Amino acid sequence: MNKKKGLFLTFEGPEASGKSSQILLLEKYLKKNKISFITTREPGGTKIAESLRNLILKVKSNINIEEEILMLMAARSHHINNVIIPALENGKLVISDRFADSTFVYQGYVNKFGIQKAKNLHKNILNNFLPHKTFLFHLSTKLIISRLRKRKSKNKYDKLEKNFHDLVNQGYKIISNNKRFIKIEASKPINQIHKIIISHINSLI
């Protein structure tokens, strides 16, 4: 993809790592500085994809891992074609709360579908469409659990125990050994993290 046609950034990490809070701060910064952008999320981003999200994230769900990952791919295809690509072609900065890396980690690694199998699906079905850069938030399992206890509404991933969050962190470590990832220590103060993100974005645009 050509940077002149826009810039696609994703925010990744375990539960309660502060991604969404940082995206809200970033939105304020971009509006203040009159930088053209859209924010979106996965699974989701379109009405169809949001409907699939509700099925995938239900606490009581009887879909198996193969069905889940195919639903994610369908949602992502609709999201890419109807939201992300049009915004990039209009020269906008596109910011997504999660994208393909979440599938590689949660379904591929944690739920044992296979990281490479998940990547192969993404390559074959979605033409290996990936962001320019990914902010990857790291947070220890101890802090994840501490933060999740304070949440009022929980999805099925929020309700899982220590071993699950350990595996998520391991999965992100496995997939993030390339230059696309900008690693963020999520235990740092929120304003400090915001400044780090802004610094990187300014260097990209």
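All of these numbers come straight from a predicted model, not from anything done at the bench.
You'll find the side chain of H200 reaches within 4.5 Å of the side chain of I196, heavy atoms only. Residues T103 and I69 form a side-chain contact, since some pair of their non-hydrogen atoms from C-beta on lies under 4.5 Å apart. The closest side-chain heavy-atom distance from I115 to I175 is below 4.5 Å. Two residues are said to be in side-chain contact when any heavy atoms from C-beta on lie closer than 4.5 Å; N111 and E68 meet this criterion. At least one side-chain heavy atom of P43 sits under 4.5 Å from a side-chain heavy atom of L72. The shortest side-chain heavy-atom distance between V94 and F37 does not fall under the 4.5 Å cut-off. Under the 4.5 Å side-chain criterion, counting only non-hydrogen atoms from C-beta, K28 is not in contact with N33. Proximity of Q22 to I190: side-chain heavy atoms (C-beta onward) are separated by under 4.5 Å at one or more points.
Checking side-chain atoms of E185 against main-chain N and O of S187 turns up a donor-acceptor pair under 3.5 Å. S77 places no side-chain N or O within 3.5 Å of a backbone atom of M73 that could act as its donor or acceptor partner. No donor-acceptor pair closer than 3.5 Å links the side chain of R41 to the backbone N or O of S96. In this structure, the side chain of E50 engages the main chain of G45 through a donor-acceptor pair within 3.5 Å. N90 places no side-chain N or O within 3.5 Å of a backbone atom of K92 that could act as its donor or acceptor partner. Without hydrogens or angle criteria, E67 side chain to N64 main chain gives a donor-acceptor distance under 3.5 Å.
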Checking F11 against L26 for the side chain to side chain contact (heavy atoms under 4.5 Å, CB included) test, could you report, in this order, the C-alpha distance in whole Å, the side-chain angles of both residues, the deciding distance, and whether it holds?
CA-CA 11 Å; F11 283 61; L26 180 55; 3.8 Å; yes
Check step by step if salt bridge (charged side-chain N to carboxylate O under 4.0 Å, His left out) holds for E15 and R98.
CA-CA 11 Å; E15 309 307 310; R98 297 198 181 282; 3.6 Å; yes
Take L204 and L7 through the side chain to side chain contact (heavy atoms under 4.5 Å, CB included) test and state the conclusion after the steps.
CA-CA 8 Å; L204 293 167; L7 187 68; 3.7 Å; yes
Evaluation steps, side chain to side chain donor-acceptor pair (under 3.5 Å), between N202 and Y29
CA-CA 11 Å; N202 285 338; Y29 173 86; 3.2 Å; yes
Give the C-alpha distance, both sets of side-chain angles, the deciding distance and a yes or no for side chain to side chain donor-acceptor pair (under 3.5 Å) between Y172 and S17.
CA-CA 13 Å; Y172 275 115; S17 56; over 6 Å; no
Checking side chain to side chain donor-acceptor pair (under 3.5 Å) for the pair T134/T10: CA distance, chi angles, key distance, verdict?
CA-CA 5 Å; T134 297; T10 57; 2.7 Å; yes
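With N169 as the fixed residue, the side-chain contact (heavy atoms from CB on, under 4.5 Å) test singles out one of V105, L139, T141: T141.
Both the sub-6.0 Å distance and the 45° axial angle are satisfied by K117 relative to the ring of F113. Geometrically, K133 does not engage F181 in a cation-pi contact, judged by NZ or CZ lying under 6.0 Å from the ring centre and within 45° of the ring axis.
H79 NE2 to T46 OG1: the interatomic distance, rounded to the nearest 0.5 Å, is 7.0 Å. In this structure, CZ on F137 lies 10.5 Å from CD1 on I182, to the nearest 0.5 angstrom. Between the NZ atom in K19 and the CD1 atom in I184 there is a gap of 13.0 Å [rounded to 0.5 Å]. Between the CG atom in D101 and the CG atom in L136 there is a gap of 8.0 Å [rounded to 0.5 Å]. A distance of 10.5 Å separates CD1 of I125 from CD1 of I80, quoted to the nearest 0.5 Å. Here OH of Y106 is found 13.5 Å from CD1 of I56. Values are rounded to the nearest 0.5 Å.
Using a cut-off of 4.0 Å between Lys/Arg side-chain N and Asp/Glu carboxylate O, K112 and E66 are scored as not salt-bridged. Using a 4.0 Å cut-off between charged nitrogen and carboxylate oxygen, D166 and K142 do not count as a salt-bridge pair. Electrostatic pairing of E42 and R76 counts as a salt bridge here, judged by a charged N lying under 4.0 Å from a carboxylate O.
Note on L25 and F135: separate hydrophobic clusters, where clusters join Ile, Leu, Val, Met, Phe, Trp and Tyr whose side-chain heavy atoms are under 4.5 Å apart, directly or indirectly. If you chain together hydrophobic residues whose side chains sit under 4.5 Å apart, L24 and I201 never meet in one group.
Closest approach of I174 to N177, counting heavy atoms only: O-OD1, 3.7 Å. Taking every heavy atom of both residues into account, A118 and G108 meet most closely at CB-CA, 4.4 Å. Residue A87 comes nearest to I38 through the heavy atom pair CB-CD1, 3.6 Å, listed as atom of the first residue, atom of the second, then distance.
No close placement of the F129 and H122 rings is indicated, their centers lying 6.0 Å or farther apart.
Residue pairs meeting the ring-ring contact (aromatic ring centres under 6.0 Å, His included) criterion with at least one partner in residues 82-103, sequence neighbours excluded, are F8-F99.
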